[in-house]
Amino acid sequence: MKRILLIALVACLSVSSSFAQLPNSSIAPDWTLTDLNGTTHNMYSYLDSGYTVFIDFSAVWCGPCWSYHNSGALENLYIDHGPAGYPNVSPTTTNDVMVFFIEGDGNTTANLGGSGGGTLGDWITGTPYPIICTDGTVNNTTVTSAYSIGYWPTIYRICPDRVLIESGQSSNPYSFVSSCPPPTTNINDVKAMAYEGATETCLGDLTPEIKVQNYGLTTLTSFDIEVLVNGVQNSVTPWTGNLATYQLTTIPLPTISGITGTSQIEIKTTNPNGGTDDDMSNNDVSFTATLAYQAAHVDVTVAITTDQYGSETTWDIKTGSGLAIASGGPYADGSVSVQTPVTTTLSQDECYTFTIYDSYGDGLCCSYGNGGYSLTDGNSYTLASGGYTTTSFSDEESSQFRTGVSSPSSVEENTIVNTISIYPNPVNDIATLSFTTTEKSKTAINITNILGEIVYNNEIGSLTSGQHIMPISTSGISEGMYFVNLITNNKIITKKITIVR
């Protein structure tokens, strides 16, 4: 029952509370469902016809759902703006909206009619727009999962281009229609809708995918897809097929090899139907591809600080094939608690994924205490970290990494220095490098970015043997991952550091 009282006045917690709501600007999943009158509806068909679709996901036992259902807001929306000629739609309709009520919690038609325990009344009588039941008789709750419903009611507005936002319990939902792009008037227009592939690679190879939409009035049968890596053309892929207006397709592209550090990837669609694109402003998507962290050791340690609901927190480390090598949690509820770190020995030179989960979907922060996590290797390199602040992940967060060898050669070669550490990591403005030298040594410290460029340099000079603590100002260095290099008598020890703001 946790947290429910905090939201009881405005929303009801979904039974499927582990879902994180679809973020605004997500692509709405398609569905085909049958309403209580036996009419089958396909959502994308309405979008393809230029309608903006509103969906009220509710449950018959939910008080806020009942209040909004009886407010008349969606009733007026449908009557005044619904499809011309549809039942209960005004003859003077603007003919640009479709409305659905989906009872998404699997309750029965009888419940919708006001019968049975738990229902708040008759949801059917007086409702002019289609009502869809998901009790498994005709439709099931798959649509609830597809739309990640975490609480009731959830009201989505979906534009003809498939993009949704959560419009909420608005008294004037029609005001959200104007933010949809107008129906296309372009003849040939291939729209780069979204990047769909991975953005992180363990071995330096990445296979991109792009979702494209026909935003033209002519059926799209061909176009080209150009991929650029750091501004240099990497591939051009011709596509052929058949896409009607507003239809979508996801296309895998040739693998990009040799990614090091971070690389800027740009994907451009051109030459729709072998001609000029009528709108060149929607042809590009871009992202940053990153190489997974390279550990310097085969031993990795997971440290967890839970929030007040440790029972929601679990984690695992999996191989590239998905085999779980290590895992932890759930933990005890009650308070923000530092858990005993777990150290695991992995195989050398292999790729792994660390994932932390929160079953409630609100991460490790905020109203219930600021928890956090870190994954470090045997040389204290930070491979993954998060939390410990007022921001956190939602239901899960993952990081890839690649193991090194059991004893890094750089440390073996430099016997002058031992017990080296750098903290805090991640760092905001001041990091501290602590190390011990076993003999007098000429010493320097520099920081390099992932391209090997020096962004910080300090020629310290000669140091006697003993412990040394050196502050390093990072305030003038941009956010990102860097390497701190301790140079003693021409030998180098490197520590990875992440700068955050």
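One-based numbering along the sequence shown. Side chains are part of it too, since the values below use all heavy atoms of this structure and drop only hydrogens, waters and symmetry mates.
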**OP:** Start with the C-alpha distance between V229 and I265, add both sets of side-chain angles, then the distance that settles side-chain contact (heavy atoms from CB on, under 4.5 Å), and finish with yes or no.
**Re:** CA-CA 5 Å; V229 179; I265 312 297; 3.8 Å; yes
Original post:
Where do D395 and D358 land on the side-chain contact (heavy atoms from CB on, under 4.5 Å) test, with the steps shown first?
Top reply: CA-CA 5 Å; D395 52 347; D358 184 90; 5.7 Å; no
**OP:** Under the side-chain contact (heavy atoms from CB on, under 4.5 Å) rule, what do Y68 and I155 come out as? Steps first, then yes or no, please.
**Re:** CA-CA 10 Å; Y68 188 62; I155 296 92; 4.0 Å; yes
**OP:** Would you sort out whether N139 and T134 count as a side chain to side chain donor-acceptor pair (under 3.5 Å), showing the intermediate values?
**Re:** CA-CA 5 Å; N139 316 295; T134 60; over 6 Å; no
Original post:
Under the side-chain contact (heavy atoms from CB on, under 4.5 Å) criterion, do Y456 and V484 qualify, and how do the steps go?
Top reply: CA-CA 9 Å; Y456 171 94; V484 178; over 6 Å; no
**OP:** Begin from the C-alpha positions of S90 and T92 and carry the test side chain to side chain donor-acceptor pair (under 3.5 Å) through to its verdict.
**Re:** CA-CA 5 Å; S90 169; T92 59; 2.9 Å; yes
Original post:
Hey, mind stepping through D96 and T94 against side chain to side chain donor-acceptor pair (under 3.5 Å) and telling me if it holds?
Top reply: CA-CA 6 Å; D96 55 355; T94 57; 2.7 Å; yes
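A donor and an acceptor atom, one from each side chain of T52 and H81, are nowhere located under 3.5 Å apart. No side-chain donor from either of S222 and T240 sits under 3.5 Å from a side-chain acceptor of the other. Between the side chains of D279 and S281, at least one donor-acceptor pair of N or O atoms lies under 3.5 Å. Between the side chains of S321 and T319, a donor-acceptor pair is found at a separation under 3.5 Å.
Every residue two or more places apart in sequence or in another chain that forms a side-chain contact (heavy atoms from CB on, under 4.5 Å) with T288 is listed here: T262, Q264, T290. Taking S25 as the reference, nothing meets the side-chain hydrogen bond (donor to acceptor under 3.5 Å, both in side chains) condition, with sequence neighbours excluded. For E209, the salt bridge (charged side-chain N to carboxylate O under 4.0 Å, His left out) criterion is met by no residue, not counting sequence neighbours. Under the rule for a side-chain hydrogen bond (donor to acceptor under 3.5 Å, both in side chains), the partners of N95 that lie at least two apart in sequence or sit in another chain are Y51.
For the pair V302 and I317, the minimum side-chain heavy-atom distance is below 4.5 Å. Contact annotation: the side chain of P29 approaches that of L22 to within less than 4.5 Å [non-hydrogen atoms, C-beta and beyond]. Taking the side chain as every heavy atom from C-beta outward, V300 and F401 approach each other to under 4.5 Å. The closest side-chain heavy-atom distance from W152 to T144 is below 4.5 Å. For the pair W239/I210, no side-chain contact is recorded, criterion being any heavy-atom separation below 4.5 Å from C-beta on. Counting heavy atoms from C-beta outward, L228 and N234 have side chains that stay 4.5 Å or more apart. Looking at D80 and Y174, their side chains never come closer than 4.5 Å, going by heavy atoms from C-beta outward. In this structure the side chain of P208 reaches within 4.5 angstrom of the side chain of I256, judged on heavy atoms.
Here the straight-line distance linking atom CG of L36 with atom OG1 of T109 works out to 5.0 Å at 0.5 Å rounding. In this structure, CZ on R157 lies 4.0 Å from OG on S179, to the nearest 0.5 angstrom. Rounded to the nearest 0.5 Å, atoms CD (E266) and CD (E226) are 8.0 Å apart. Note that the CD atom of Q247 and the CG atom of L47 stand 11.5 Å from one another [nearest 0.5 Å]. Expressed to the nearest 0.5 Å, how far CG of N88 lies from OG1 of T93 amounts to 12.0 Å. Taking OG1 of T218 as the start and CD1 of I187 as the end, the distance is 5.0 Å to the nearest 0.5 Å.
The list of salt bridge (Lys or Arg N to Asp or Glu O under 4.0 Å) pairs with a residue in residues 47-67, not counting sequence neighbours, reads D48-R162.
Of the residues L77, V53, V89, the one that meets the side-chain contact (heavy atoms from CB on, under 4.5 Å) test with V97 is L77. Here the options are T184, L248, L243, D189, the test is side-chain contact (heavy atoms from CB on, under 4.5 Å), and the partner is N214; only L243 passes.
One N or O on the side chain of T403 and one on the backbone of E350 form a donor-acceptor pair closer than 3.5 Å. Y195 places a side-chain N or O within 3.5 Å of a backbone atom of A198 that can act as its donor or acceptor partner. The closest donor-acceptor contact from the side chain of N37 to the backbone of T39 lies at 3.5 Å or more, if one exists at all. Side chain of D278 to backbone of N186: no donor-acceptor contact under 3.5 angstrom is found. Side-chain N or O atoms of T245 include one that pairs as donor or acceptor with a backbone N or O of G216 at under 3.5 Å. Side-chain atoms of N42 come within 3.5 Å of backbone N or O of W31 as a donor-acceptor pair. Between the side chain of S175 and the backbone N or O of N172, at least one donor-acceptor pair lies under 3.5 Å. Without hydrogens or angle criteria, T474 side chain to D429 main chain gives a donor-acceptor distance under 3.5 Å.
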Donor-acceptor list for residues 267-276 side chains, cut-off 3.5 Å, not counting sequence neighbours:
unit_1 : atom_1 : unit_2 : atom_2 : d
T269   : OG1    : V190   : O      : 3.4
T269   : OG1    : N283   : O      : 3.4
N271   : ND2    : D224   : OD2    : 2.8
N273   : OD1    : T221   : N      : 2.8
N273   : OD1    : T221   : OG1    : 3.0
N273   : ND2    : N188   : OD1    : 2.7
N273   : ND2    : T219   : O      : 3.3

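Note: Y147 and F57 meet the aromatic proximity criterion, with ring centroids under 6.0 Å apart. Taking the six-membered ring wherever Trp is involved, the centroid distance between the rings of Y246 and Y215 falls below 6.0 Å. Checked against the 6.0 Å centroid threshold, F54 and Y129 do not count as a close aromatic pair. The distance between the ring centers of W61 and W66 does not fall below 6.0 angstrom.
When all heavy atoms are compared, the tightest approach of E103 to V60 is OE2-N, 3.0 Å. Heavy-atom minimum distance, C133 versus N107: SG-O, 3.1 Å. C351 and L203 get closest at one heavy-atom pair: SG-CD2, 3.6 Å. When all heavy atoms are compared, the tightest approach of N428 to I499 is O-CG2, 4.1 Å. The two residues I55 and I158 make their nearest non-hydrogen contact at CD1-CD1, 3.7 Å. The nearest pair of heavy atoms linking C202 to R402 is SG-CB, 3.7 Å.
Classified by interplanar angle (parallel below 30°, tilted 30° to 60°, perpendicular above 60°), the ring pair F101/W123 is tilted.
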